[in-house]
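Below is one structure; the comments refer to it alone.
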2 protein chains.
Amino acid sequence: MNDNFLNYDVSNYRTPDGYTSDIAVFTIISTEVGQYKPPEKTLKIMLIKRTEKTKEGHSNLEGGKWALPGGFIKPEETAYEAAVRELSEETGITGLRIKHFGVYDQFGRDKRGWIISNAHYAIVPENKLVKRRAADDASEVELFSMDEVFQLDLAFDHKQIIEEALWFIKKDMSLTTVAKNFLPKQFVLSELQGVLLTVMDEPWLKLDAQFFRKAPSLPFIEKVVKDGVPQKTNRWSKNKAQLYRFNDFEPYVSIYNAKY
Amino acid sequence: MNDNFLNYDVSNYRTPDGYTSDIAVFTIISTEVGQYKPPEKTLKIMLIKRTEKTKEGHSNLEGGKWALPGGFIKPEETAYEAAVRELSEETGITGLRIKHFGVYDQFGRDKRGWIISNAHYAIVPENKLVKRRAADDASEVELFSMDEVFQLDLAFDHKQIIEEALWFIKKDMSLTTVAKNFLPKQFVLSELQGVLLTVMDEPWLKLDAQFFRKAPSLPFIEKVVKDGVPQKTNRWSKNKAQLYRFNDFEPYVSIYNAKY
DNA sequence: ATAACAATTAACGAATTGTTAATTTAAAAA
DNA sequence: TTTTTAAATTAACAATTCGTTAATTGTTAT
């Protein structure tokens, strides 16, 4: 960095008091609804409870409220890298799809000053969340359904951030193959349908007859075949069902040639 | 703002040296290609040439290079508001669709220090750009085609920003009705096709037979009818063509019920 | 007149959709 | 063992939409 430049150019402007990264961690949890039935799936978000006191013993800003995991960004890292780091620090989870979706920079959103937050969302398969653990400045970690989360008194502007994260994840689910991040490598059509229905509510998805007729020919999934034998499972049903996996096909859609 | 909080919480962290907003202003210019022919349309981006010297007479960082319009954000405004303000200051244009699309916060991207930039793009109809003017810290304003812009030696990481802006605008054009921001209120199908082709290259769009058969039934456009009489124009052709306008329908598409 | 040409309509086989019904399969109940 | 049950899968079919080629219309230029 060149102090020469800093002197006359930057110092004319007030600089932000902080730069933070928040992460909305989504998962879909399955609840058994009966034997030989596909389990019911619900979208949940992971929040941490802010401690009442800081490590130094001062009363913590927005202490006691539920908040998105996150924290201050270090100058040598980007907001994205900070999101990856913090998610790992606070939950022990690595190697996930993390995506930036918004900037929250309204003055006054954080009493500590002019604090800019970059918001990200992450999608975690259920099984990875078992080993989650609370971090230094979080006393508790918990999963909330979308119904529950909007009842809570959330810290800062996190309610708004979560609403927008939800909107983004719905959009992503409709337009990309993110659904694969909620599913095991090999899955059955009813599992895919269950995941999609947690965030989308297109009528044809709910109609089994339509979904099961069309889904097998979706270009971005394929039947799992081993030595010419289609692989099946009876994980969720008496009758064995075909296993599918996502392939590398990147679907592209446009409103100009869609069906309405 | 509460100094009590600032003391122990924020000051533990280094804060950014600056917070800026950049805007990629896109327009589509029409060039006459012959009488009674729809004009050819080309996507262009507006850049400003950075002055060699600052107002104070110092040599300007990245002076002489082409750059995206933009500047430092004031604490009382959001990055989005700054984008609106700067676009108005630097081009005199207001009332446009401006959208945030990315954060550029890699340390070292700006020699002046740890400077975070929020990037936005704007879509300007050709006719609004006529009254564009250079602003205080810009000596020149010019439009470049996508081919031209990537030949230039651009300031900072603006090449990357423009590449990503282009990607976003393509996506937006496919999934939303932004195309309307490039078109007059009332337009003809070939104009719509021309606009779409500047950024999309789906084969069926190029095939007139397919485009002109399907387009009239797109749910988000409608024929302009006055007193029961369909309105037509011979702006671009000998034979009068039906005028269309966008309506309020918000198209929704998904990869799970698209055609492939 | 008539040739040219974009816009528009017509026509038609092929493919896809929405829907209902039938079949398969294996566990559970009788 | 036989029957029942429920999900997965296939079959069937009319209605719709698609991709394509051909014909028609309206206006200008020759």
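When reading the values below, keep in mind they use all heavy atoms of this one structure, side chains included, and skip hydrogens, waters and symmetry mates. Residue numbers begin at 1 in each chain, while the letters A, B, ... track the order of the sequences.
- The distance from atom CZ of Phe212(A) to atom P of dG18(C) is 16 Å, rounded to the nearest whole Å.
- Contact annotation for Leu207(B): backbone-only contact, meaning every heavy-atom pair under 4.0 Å involves sugar-phosphate atoms and none involves a base.
- At dT20(D), one or more side-chain N or O atoms of Gln210(B) fall inside 4.0 Å of OP1 or OP2 (strictly under the cut-off).
- Taking atom CZ of Arg235(B) as the reference point, atom P of dC5(C) lies 23 Å away to the nearest angstrom.
- Residue Ala241(B) is in sugar-phosphate contact alone, with no base atom involved, counting any heavy-atom pair closer than 4.0 Å across all strands shown.
- For the pair Lys223(B) and Ala258(B), both in contact range of DNA chain C, the more 5′-proximal nearest nucleotide belongs to Lys223(B).
- Side-chain N/O atoms of Lys214(B) include none lying less than 4.0 angstrom from OP1 or OP2 on dT17(D).
- The separation between Asn257(A) atom CG and dC18(D) atom P is 9 Å, rounded to whole Å.
- Take the nearest nucleotide of DNA chain D for Leu189(A) and for Ser217(B): the residue whose nucleotide is more 5' is Leu189(A).
- Counting to the nearest Å, the C1' atom of dT20(D) and the CZ atom of Arg213(B) are 9 Å from each other.
- The phosphate of dC18(D) (OP1 or OP2) has a side-chain N or O of Lys259(B) nearer than 4.0 angstrom.
- A donor-acceptor pair under 3.5 Å links the side-chain atoms of Gln242(A) to the main chain of Val224(A), judged by distance alone.
- One finds no side-chain N or O of Lys238(B) lying less than 4.0 angstrom from the OP1 or OP2 phosphate oxygen of dA29(D).
- Annotation: Lys214(A), atom NZ; neighbour count of heavy atoms from other residues, nucleotides and ligands within 6.0 Å is above 12.
- Remark: the backbone N or O of Val229(A) is not paired with any side-chain donor or acceptor of Asp227(A) at under 3.5 angstrom.
- Between Gln242(A) atom CD and dT24(C) atom C1' the separation is 15 Å, expressed in whole Å.
- For dT27(D), its base never sits under 3.5 Å from the side chain of Asn239(B) at any donor and acceptor pair.
- No more than 12 heavy-atom neighbours from other residues, nucleotides or ligands sit within 6.0 angstrom of CD on Glu40(A).
- The separation between Asn234(A) atom CG and dA28(C) atom P is 10 Å, rounded to whole Å.
- Rounded to an integer number of Å, the gap from Lys240(B) NZ to dT8(C) C1' is 15 Å.
- Rounding to whole angstrom units, CZ of residue Phe211(A) and P of dA7(D) are separated by 16 Å.
- A side-chain hydrogen bond (donor to acceptor under 3.5 Å, both in side chains) with Tyr104(A) holds for exactly one of Glu164(A), His158(A), Gln160(A); it is Glu164(A).
- OP1 or OP2 of dA8(D) has at least one side-chain nitrogen or oxygen of Ser190(A) nearer than 4.0 Å.
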